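These notes are about the structure you will find just below.
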Amino acid sequence: MEFLMILVLLVVIVLIAVWLFIARQGDAEFEFIIDQRTDFILEDLTDKTATLSCKVPFVNKGTQGGTIMDAYPRHLLPYEQYDGVEVSSRMELSTAPRTDNYFEAVIIPQGTGGTVVITVKFTAKAGGIQEALGQMSELNVDMPIDIVYQIVARSLWYIHKKRMIMTCDEIMRAMQAKGAAK
Amino acid sequence: MAELELVPVRTRILTDKDNIVDMIEKYAKHDVGPDDVVSVAESVVAITQGRITRPEDLKVCFLARLLCRFVPQEGSLSSCYGMQSAMDTEGQWRIFFAMMIGMLAKIVGKSGVFYQMAGGQTALVDDVTGTMPPFDKCLVYGPHDPHGVAEEIKSRLGCYGAAVADVNDLKRSAVLGVSEGLDPKKLARILIDNPFGNASQRTPIVIIKNYANAEKMAKDQA
């Protein structure tokens with residue numbers, strides 16, 4: 001009986017030690033720092049399209065390295081709110097630019113981070129893009145963009161979202177900075 | 001004059017729809033002579049054999065979630081998905097006991113015991129990001145029957161020999177399978193500088209030119 005008690009005690013001690021080890025080890029923890037993003041700037045303008053981009057920093061503030069398996073921007077502009085433009089968006093690492101909207105999985109060690117570039121292209125459904133975006137501004141339509149990212153680290157994979165807002169004022173400022181709007 | 005020359009061969013991205021021997025024949029045959037050895041990257045052989053999986057498709061057991069915590073985070077088994085892949089190929093209890101004995105061995109100053117005991121596939125699992133797009137989001141297992149693959153390459157191309165190699169930029173080189181008569185350790189030394197390049201899926205084949213002549217000369221000198 002005494003032997004059994006000692007055995008149970010040993011098992012409990014080992015379990016507590018393992019639990020403490022894992023708790024102390026922690027895991028990766030990613031954050032896209034929306035507050036520190038740059039303003040959108042106008043990258044390209046044609047009669048029908050306007051392409052804008054901004055940079056968003058991110059950090060792995062956890063205690064373990066982690067992998068961003070996939071990440072993409074999800075823009076939200078329902079036609080009930082504004083039906084004058086079609087929107088497409090893409091995201092890539094600033095250190096690995098690409099134009100195919102494919103996010104190559106990347107390992108981010110703990111305590112480090114990087115920057116993603118979000119590119120948004122507006123295409124006027126009818127008429128010119130300057131007019132369409134001007135109307136969007138008149139209607140005071142802001143467009144939320146969710147940064148959706150999938151993480152694999154020590155624990156099971158998960159998908160998180162972080163929301164940023166692309167305001168109509170910001171779009172107008174970007175257009176004005178390049179002389180494309182009054 | 002028989003000097004060894006390493007010639008990487010560029011291919012398109014190979015997938016599980018391809019047969020590796022057919023692809024080597026297609027992209028490298030015109031450069032391969034009877035004195036040459038053809039080496040191919042193990043991860044690409046595995047991909048063409050369909051030995052890949054997505055983390056989302058794996059059912060991770062409690063043991064995998066626990067044991068991955070004891071692997072340094074640089075290793076492929078440090079994620080529960082890498083650990084589960086190893087368990088799926090080698091058996092979860094084999095991995096468990098190898099880990100226990102490996103830990104005890106480490107306490108007495110002997111490292112590498114885990115990988116010796118856990119089975120050949122354990123060290124070959126590539127975690128996500130281990131390969132180029134579109135397989136960067138997949139885990140890649142080690143290849144099946146690398147010796148058989150090497151023999152088939154040799155017989156199809158009529159070359160001196162063939163090898164399936166696992167080489168990386170960290171000066172780690174291992175030859176997993178060779179055709180008869182080749183020395184895997186010698187080939188591993190030849191390939192140590194990773195002629196496949198960092199993105200080995202783009203140049204998954206390396207022809208070792210004049211291997212037979214160089215070997216003959218070395219024997220004569222000896």
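As the structure is a prediction and not an experimental result, all values here were calculated from the model. Naming: A, B, ... by sequence-line order, numbering from 1 per chain.
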Got a sec: does the [atom1] of [X] have more than 12 other heavy atoms crowding it under 6.0 Å?
X	atom1	answer
B:D57	CG	yes
B:K185	NZ	no
B:Y115	OH	yes
A:E80	CD	yes
A:K55	NZ	no
B:K106	NZ	no
B:K110	NZ	no
B:R172	CZ	no

Worksheet item: When you look at B:F70 and A:V18, which way does the side-chain contact (heavy atoms from CB on, under 4.5 Å) test go after all the steps?
Response: CA-CA 10 Å; B:F70 297 93; A:V18 168; 4.1 Å; yes

Write down the atom of [X], the atom of [Y], and the distance for their closest heavy-atom approach.
X	Y	answer
A:A105	B:D136	N-OD2, 2.7 Å
B:P55	A:M69	CG-CE, 3.9 Å
B:S79	A:A153	CB-O, 3.5 Å

Response to the item:
Turns out that what part of B:R65 lies under 4.5 Å from chain A's heavy atoms comes down to side chain

Fill in: Side-chain donor or acceptor of A:Q25 paired with backbone N/O of B:R69 under 3.5 Å
yes

Worksheet item: Just by distance, do the side chain of B:Y81 and the backbone of A:L156 share a donor-acceptor pair under 3.5 Å?
Response: no

Worksheet item: Taking the six-membered ring of A:F103, is NZ or CZ of B:K137 closer than 6.0 Å to its centre and within 45° of its axis?
Response: no

Worksheet, complete the sentence: CE of B:M83 to CZ of A:R154, rounded to nearest 0.5 Å, is 9.0 Å

Worksheet, complete the sentence: Distance col, row B:L66:CG vs A:I22:CD1, nearest 0.5 angstrom, shows 5.0 Å

Worksheet item: Just checking, is any N or O donor in the side chain of A:Q150 or B:E56 under 3.5 Å from an acceptor N or O on the other one?
Response: yes

